[in-house]
There are 2 protein chains.
Amino acid sequence: MNLTIGDVAKRIGLPAKTIRYYEEIGLVDPLRDSNGYRVFRDSDLHKLTFLGRARALGFTINDCRTLLALYEDETRASSDVKAVAQKHLADIEAKITDLQAMHATLSHLAQECSGDGRPDCPILKGLSGG
Amino acid sequence: MNLTIGDVAKRIGLPAKTIRYYEEIGLVDPLRDSNGYRVFRDSDLHKLTFLGRARALGFTINDCRTLLALYEDETRASSDVKAVAQKHLADIEAKITDLQAMHATLSHLAQECSGDGRPDCPILKGLSGG
DNA sequence: GTAGGGCTTCCTGTCACTGGAAGGTCAAGG
DNA sequence: CCTTGACCTTCCAGTGACAGGAAGCCCTAC
């Protein structure tokens, strides 16, 4: 018995919709049964697992495409993989820095806000440029 | 002389496109000159400044709409503002936590990758489930 | 009068899906 | 044999917050 897309979805932990989408954009290419249902080979399952993990680490679909190509290429240089990873690590670090700055500013404002029934509010003052 | 949208954009630090978009979704409502050009009052400039800062702190457009309404409402309770801010702070914290987890996992994998010309790569192994 | 820059609207594209409609397929139960 | 319900299929629209670009009007300077 072939695994249907629902079975694969459960096994991999990705929604069926997402798997169809990955096929549509050419990340996987499952076979078809005579009834039109998708047929997933082991290689498809491996790719989908790979994609699920890469996406969970925050790689873009474009990065995933690159990484998947490297994954499939037995003659790859690990430096190519590492370069993609390090670029992504730098992006993550930049995002964390941004978020921490936002958090610092906003928590400072919130701390000064009494948060009661009165209209006076340092948060709004801060936002309006006060 | 009225300020045109380009002048306002420079002054506030938002692209003109963004200001038009904010008008389209009802966040601001500038007047119009006889030639069709937008005319920005002081109150429009204040609102746009407010929006720019709120967006820079990561508030969604929907939150901005709420905050702007509170900003305009002289009878607001500061607790309402603070609630929005604290919800957003919690979201920021969650995002930072997620990003830090991704960073930890990926930097660990990257550290083990030699990054040379050989095909052997712990990053790909980690992604494929190894 | 013409060249340029800015303004206007409108339409499309981005990213990575998600939701939903319309219709085909399959196994189980009556 | 028929139905029911849970699958599967495709296709279309919407999300958030804009950005890019085309076509055409306006205004100033030379």
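Letters A, B, ... mirror the listed sequences (proteins, then strands); counts begin at 1.
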Requested in this report: Report the C-alpha separation of B/D7 and B/T4 in whole Å, then their side-chain angles, then the decisive distance to 0.1 Å, and conclude whether the side chain to side chain donor-acceptor pair (under 3.5 Å) test is met.
Outcome: CA-CA 5 Å; B/D7 301 327; B/T4 67; 3.2 Å; yes
Report task. Would you kindly compare B/E23 and B/K10 by the position of their nearest DNA chain C nucleotide and give the one closer to the 5′ end? Result -> B/K10
Report task. Check whether any side-chain N or O of B/R38 sits under 4.0 Å from OP1 or OP2 of D/dC26, and answer yes or no. Result -> no
**Report entry** Whole-Å distance separating the CD1 atom of B/I19 from the C1' atom of C/dC7
**Finding:** 13 Å
Requested in this report: Could you state the atom-to-atom distance from NZ of A/K95 to P of C/dC15 in whole Å?
Outcome: 13 Å
**Report entry** Distance, rounded to the nearest Å, where A/L51 contributes CG and C/dC15 contributes P
**Finding:** 17 Å
Query raised in the report: Between A/T4 and D/dC8, does any side-chain N or O lie under 4.0 Å from OP1 or OP2?
Result: yes
Query - Phosphate-side-chain proximity, B/N35 and D/dC27, N/O vs OP1/OP2 below 4.0 Å - result: yes
Requested in this report: Give the intermediate values and the outcome of side chain to side chain donor-acceptor pair (under 3.5 Å) for residues B/N62 and B/T60.
Outcome: CA-CA 5 Å; B/N62 227 10; B/T60 64; 5.7 Å; no
Query raised in the report: What nucleic acid atoms does A/I25 come within less than 4.0 Å of, heavy atoms only: base, sugar-phosphate, or nothing?
Result: nothing
Report task. Mark yes when over 12 heavy atoms from residues, nucleotides or ligands other than B/R11 sit less than 6.0 Å from its CZ; otherwise mark no. Result -> no
Query - Value in whole Å for how far the P atom of C/dT8 lies from CG of B/D33 - result: 10 Å
Report summary line: Rounded to whole Å, CG of A/L31 lies from P of D/dT9 at a distance of 13 Å
**Report entry** Length of the CG-C1' vector between A/L57 and C/dA16, whole Å
**Finding:** 17 Å
Query raised in the report: Atom CD1 of A/I5 and atom C1' of C/dT18: how far apart are they, to the nearest Å?
Result: 14 Å
Query - CD/A/Q111: more than 12 non-hydrogen atoms of other groups inside 6.0 Å - result: no
Query raised in the report: Under a 4.5 Å side-chain heavy-atom rule over Ile, Leu, Val, Met, Phe, Trp and Tyr, are B/L48 and B/I25 clustered together?
Result: yes
Report summary line: The contact string for nucleotides 11-25 of chain D, one letter per nucleotide 5' to 3', using protein heavy atoms under 4.0 Å with B, S and - for base, sugar-phosphate only and none, comes out as B-----BBSBB----
Query raised in the report: What residue among B/K87, B/H88, B/K95 forms side-chain hydrogen bond (donor to acceptor under 3.5 Å, both in side chains) with B/D91?
Result: B/K87
Query - Heavy-atom side-chain contact between A/Y22 and A/R55 under 4.5 Å - result: yes
**Report entry** Distance in angstrom units between A/R20 CZ and C/dT18 C1', rounded
**Finding:** 12 Å
